[in-house]
Amino acid sequence: MKIINFVLGILLLSFSAMTMADPVIIKYSHVVAENTPKGQAALKFKELAEKYLPGKVKVEVFPNSQLFGDGKEMEALLLGDVQIVAPSLAKFGKYTTKLQIFDLPFLFDDIHAVDRFQNSAKGQELLASMEGKGLVGLGFLHNGMKQLSANVPLRTPADAKGLKFRIQSSDVLEAQFKAVGGNPQKIAFAEVYQALQSGVVDGTENPWSNTYTKKFYEVQKYITESDHGVLDYMVVTNEKWWKGLPADIRKALGKAMSESIAFGNKIALTEDQDYRTKVIEAKKAEVIKLTKAEKAEWRNAMKPVWAQFEPEIGKDLIDAAIQANELPVAAKKAKSKKK
Ligand code: SIN
């Protein structure tokens, strides 16, 4: 009897230990404001992950470079100090040269073309391009097309000559500004406002949501609607941590992630122009519209960068991206019917 009681006691203890197991803590760190597509997607992931896995996971979101800024967030991920980050595609240069494709100037006609490329077979392959480096891509997330800004009006490439531009840590972006005679400086996102305000740099490039939420428009006199490139993200996790999760938890987290990305993408696609309107309404910076001829000048000046990086990126990828500028046949038909 004593033995039975003892065994029952042990079983009861281990059962309560199992049911009271601590939740898996998932730290999701990023550098932008909460009211951006990425900020909103991160919060949606928390909501959904905790809903699908009640008591089993706890997601902590750290926006605005609160926990780790550029440069440090990837190291932190590899060290296991955070579990999810979503850097701009321009910031993966240390881990793969393939993602440089997204920085090529004037490669994508618009964000819809970017979306088609990311969802193509070639685009999806890129999610696994850093597995050898311990990183797994969980999905692409949109922000938007980039606009140039400066304290002088930028209408033609000649206007950029001699100006200092803040860039993300990307060799392609460095080459892009050199191609127009600019002087690019790699600066972390958290330091951009200060760098613009103090005159460390004269100009920069970013999508409307970042320009608005980080108030760059307060410290830039002109914003040129150039749509010359894209700033999107890859949501990444630590491969070892991800593959070590129990299968049911990994599956539910994957579902929460896909849905949170779809949510963030919808915000990016529908609200990009609202952020633009807010910048205009603030009446601090003048927004410059380019004529077709002016835009062509920027394109011609920057396009040699493609050939420079083609050996590292691969012609096949560049061709697939160009292809994504074409509307699928069904969409073309629907468009011509509407006319
Ligand atoms: C971000 O959107 O995550 C930051 C972009 C930048 O560094 O310009």
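Order of appearance sets the numbers: ligands from 1, and atoms from 1 within every ligand.
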Kindly indicate whether the side chain of Y222, heavy atoms from C-beta on, has any atom under 4.5 Å from the side chain of D159.
no

Is there side-chain contact between E174 and I167, with heavy atoms separated by less than 4.5 Å?
yes

I need the atoms of ligand 1 closer than 4.0 Å to a non-hydrogen atom of [X], numbered in the order shown.
| X | result |
| --- | --- |
| V31 | 1 (C), 3 (O), 4 (C) |
| N206 | 8 (O) |
| V32 | 1 (C), 2 (O), 3 (O) |

Would K214 count as a cation-pi partner of F189, with NZ or CZ less than 6.0 Å from the six-membered ring centre and within 45° of the ring normal?
no

K44 to F263 six-membered ring, cation-pi geometry met (6.0 Å, 45°):
yes

Between S260 and L48, what is the shortest heavy-atom contact and its length?
N-CD1, 4.1 Å

Which residue owns the protein heavy atom closest to [atom], what's the atom, and how far is it?
| atom | value |
| --- | --- |
| atom 3 (O) of ligand 1 | K38 NZ, 2.7 Å |
| atom 2 (O) of ligand 1 | Y233 OH, 2.5 Å |
| atom 6 (C) of ligand 1 | F189 CD1, 3.2 Å |
| atom 8 (O) of ligand 1 | R166 NH1, 2.7 Å |

Please indicate whether any nitrogen or oxygen in K91 is less than 3.5 Å from any nitrogen or oxygen in ligand 1.
yes

Check for me whether E205 has a heavy atom closer than 4.0 Å to any atom of ligand 1.
no

May I ask you to identify, for T36, whether its side chain, its backbone, both or neither come under 4.0 Å of ligand 1 on a heavy-atom basis?
neither

Part of V192 with heavy atoms under 4.0 Å of ligand 1, whether side chain, backbone, both or neither
neither

Taking NZ, NE, NH1 and NH2 as the nitrogens, is one of them in E125 or K98 under 4.0 Å from a carboxylate oxygen of the other?
no

Do Y212 and E271 meet the criterion of a side-chain donor-acceptor pair at a distance under 3.5 Å?
no

Ring-ring centroid check F140 F102, cutoff 6.0 Å:
yes

